[in-house]
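Below is one structure, written out as structure tokens; the observations come after it.
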Amino acid sequence: MHIARRTDAVLLLVALVWGSSYLAAKTATVALPVPAVLFARYAISALACGALLIASRRRRHRWTRAEVRAGSLLGVTQAAVLVLETYGVAHTSAANAGLIISLTIVLTPLLDRTGNRRLPWTFFLAAGLCAVAVGLLASGTGLHAPRLGDVLVLVAAVVRAGHVALVGRLTAGRPMDPLHLTTTQTVVGSALFLPPAATRLPDLVHSGAPTWAQLIYLALFCSVFAFLAQTWAVQGTSASRASLLLGTEPIWAAAIGIGVGGERLTPWAVLGAVLMVAGTYWGQAVERTHRSTARTGRADDTGPGEDGDVHAGRRPAGRPRAWRRELRGGRTREGAA
């Protein structure tokens with residue numbers, strides 16, 4: 001398979017796996033309480049990351065204090081995202097959860113203040129379109145108070161946007177090993193969810209094979225595999241293409257929720273789903289164009305480098321740190337849990 005097609009296939013697989021995580025989490029919370037589900041997901045992820053560290057220890061540099069500090073803080077914010085998201089999906093449909101959480105795409109640029117230029121007005125139109133979509137998805141069969149699950153997932157989208165913006169701030173200009181950061185986050189998450197899950201550990205241990213299969217799938221595939229595959233794939237394609245492919249996550253979430261989970265969307269919810277996908281893609285495109293224009297303007301202001309290239313001071317687009325910045329406004333998840 002051609003390298004470009006292979007990269008596209010991997011990114012689409014990551015989006016599909018992430019989209020399937022909502023139905024898997026919803027099904028797991030039927031058998032176990034949310035704290036037990038999250039503890040198992042984090043603990044299995046931490047064990048997997050530990051095994052990867054041992055297997056690659058000869059090729060990796062030593063841990064730094066900056067990695068531990070950043071990973072610990074991001075572990076707390078990521079745990080906040082997952083607890084809201086998991087409680088939310090337990091009280092709403094997997095399709096709704098996957099669609100509403102995609103608001104992160106338009107919320108992240110609003111919270112990320114690393115740039116000095118204001119976002120164009122068209123971006124706020126796209127964000128407004130997404131807000132209308134949330135209202136339609138939450139109303140379902142008509143105008144009424146939104147379901148608790150929809151509200152929790154909406155809050156999770158806001159917190160996730162803050163988490164992604166924080167990732168950018170903590171890692172900008174600092175060489176950090178993604179696996180070190182991810183391992184720290186999973187250990188912190190395991191420690192945070194152990195106390196509330198302690199009384200239900202016997203239930204977790206004696207869970208049936210289907211429940212354990214869902215927990216292992218959430219940890220190894222939706223978390224560790226998806227993160228490492230994304231990290232590899234985004235270095236072999238353009239940021240725009242990667243964002244486009246990863247942005248199909250809410251589509252997969254809705255398709256899997258309906259096709260596999262047997263969920264039903266009302267005509268109003270279908271309209272909301274269409275508006276959400278359109279709004280997030282529109283906002284993503286506007287923000288990406290705005291960022292590219294701002295970067296070009298800064299390069300022109302700086303003038304040519306020593307070799308006469310006006311972009312001499314810019315980091316090559318293939319570097320992982322540059323990709324974190326490029327995809328910050330796109331559909332990415334930082335960390336493995």
Side-chain angles (χ1 to χ4, degrees), residues 10 14 18 38-39 41-83 104 108 111-115 159-195 219-220 222-236 239 242 246 291 295 312-337:
V10 169
V14 170
W18 280 342
L38 290 174
F39 170 72
R41 181 173 181 176
Y42 267 106
I44 296 171
S45 296
L47 291 174
C49 288
L52 289 172
L53 283 173
I54 293 173
S56 62
R57 64 183 182 277
R58 293 183 179 180
R59 301 192 303 271
R60 312 196 85 85
H61 64 75
R62 296 178 117 188
W63 291 65
T64 65
R65 291 183 179 179
E67 289 173 341
V68 175
R69 285 195 300 266
S72 299
L73 179 56
L74 294 174
V76 173
T77 58
Q78 185 186 65
V81 172
L82 282 183
V83 73
T104 302
T108 300
L111 298 178
D112 182 15
R113 310 309 299 171
T114 55
V159 177
R160 172 174 282 175
H163 170 77
V164 175
L166 184 61
V167 169
R169 286 180 177 273
L170 292 178
T171 59
R174 301 179 182 89
M176 294 190 185
D177 189 313
L179 187 54
H180 287 176
L181 285 177
T182 301
T183 303
T184 304
Q185 291 179 66
T186 56
V187 171
V188 169
S190 300
L192 288 174
F193 289 114
L194 177 57
L220 298 186
C222 302
S223 298
V224 178
F225 161 75
F227 173 71
L228 294 177
Q230 171 195 305
T231 303
W232 170 81
V234 296
Q235 298 179 62
L246 291 172
R291 183 178 356 100
R295 188 189 304 118
R314 289 167 53 191
R315 184 178 299 276
R319 301 287 182 85
R321 214 181 317 157
W323 280 112
R324 257 199 309 270
R325 289 197 304 270
E326 288 291 324
L327 292 176
R328 195 181 305 155
R331 191 69 181 99
T332 62
R333 293 188 186 184
E334 296 288 347

Quiz prompt | Minimum heavy-atom distance Val76-Leu192, with the two atoms named | solution = CA-CD1, 4.2 Å
Self-check item: Non-hydrogen side-chain atoms of Leu228 and Leu52 separated by less than 4.5 Å
Solution: yes
Quiz item: What distance do Arg69 atom CZ and Thr64 atom OG1 have between them, rounded to the nearest 0.5 Å?
Solution: 8.0 Å
Quiz prompt | Step-by-step side chain to side chain contact (heavy atoms under 4.5 Å, CB included) determination, Val159 to Thr77 | solution = CA-CA 8 Å; Val159 177; Thr77 58; 5.6 Å; no
Practice problem: State, yes or no, whether a side-chain contact exists between Cys222 and Arg41 at a heavy-atom distance under 4.5 Å. | Solution: yes
Quiz item: Would a 4.5 Å heavy-atom cut-off, applied to side chains only, mark Phe227 and Thr182 as touching?
Solution: yes
Quiz item: Which atoms form the tightest heavy-atom contact between Ser72 and Val68, and what is the distance?
Solution: OG-O, 2.7 Å
Quiz item: Going through the distances and angles, do Gln78 and His163 end up as a side-chain hydrogen bond (donor to acceptor under 3.5 Å, both in side chains)?
Solution: CA-CA 7 Å; Gln78 185 186 65; His163 170 77; 4.6 Å; no
Quiz item: Side chains of Trp18 and Gln230: does their closest heavy-atom pair fall under 4.5 Å?
Solution: yes
Quiz prompt | Heavy-atom pair with the smallest gap, counting every atom of Thr184 and Gly71 | solution = CG2-C, 3.5 Å
Quiz item: Are Ser223 and Tyr42 close enough that some pair of their side-chain heavy atoms sits under 4.5 Å apart?
Solution: no
Practice problem: Give, for atom CD1 of Ile44 and atom OG of Ser190, the distance between the pair rounded to the nearest 0.5 Å. | Solution: 9.5 Å
Quiz item: Minimum heavy-atom separation for Thr104 to Thr108, with atom names?
Solution: O-OG1, 2.7 Å
Quiz item: At what distance, to the nearest 0.5 angstrom, does CG of Leu73 lie from CG of Leu181?
Solution: 11.0 Å
Practice problem: Taking all heavy atoms of Ala48 and all of Val224, pick out the closest pair and write down the distance. | Solution: CB-CG2, 4.1 Å
Quiz item: Closest approach of Glu67 and Asp177, non-hydrogen atoms and distance?
Solution: OE2-N, 2.8 Å
Quiz item: Under 4.5 Å between any side-chain heavy atoms of Leu53 and Trp63, yes or no?
Solution: yes
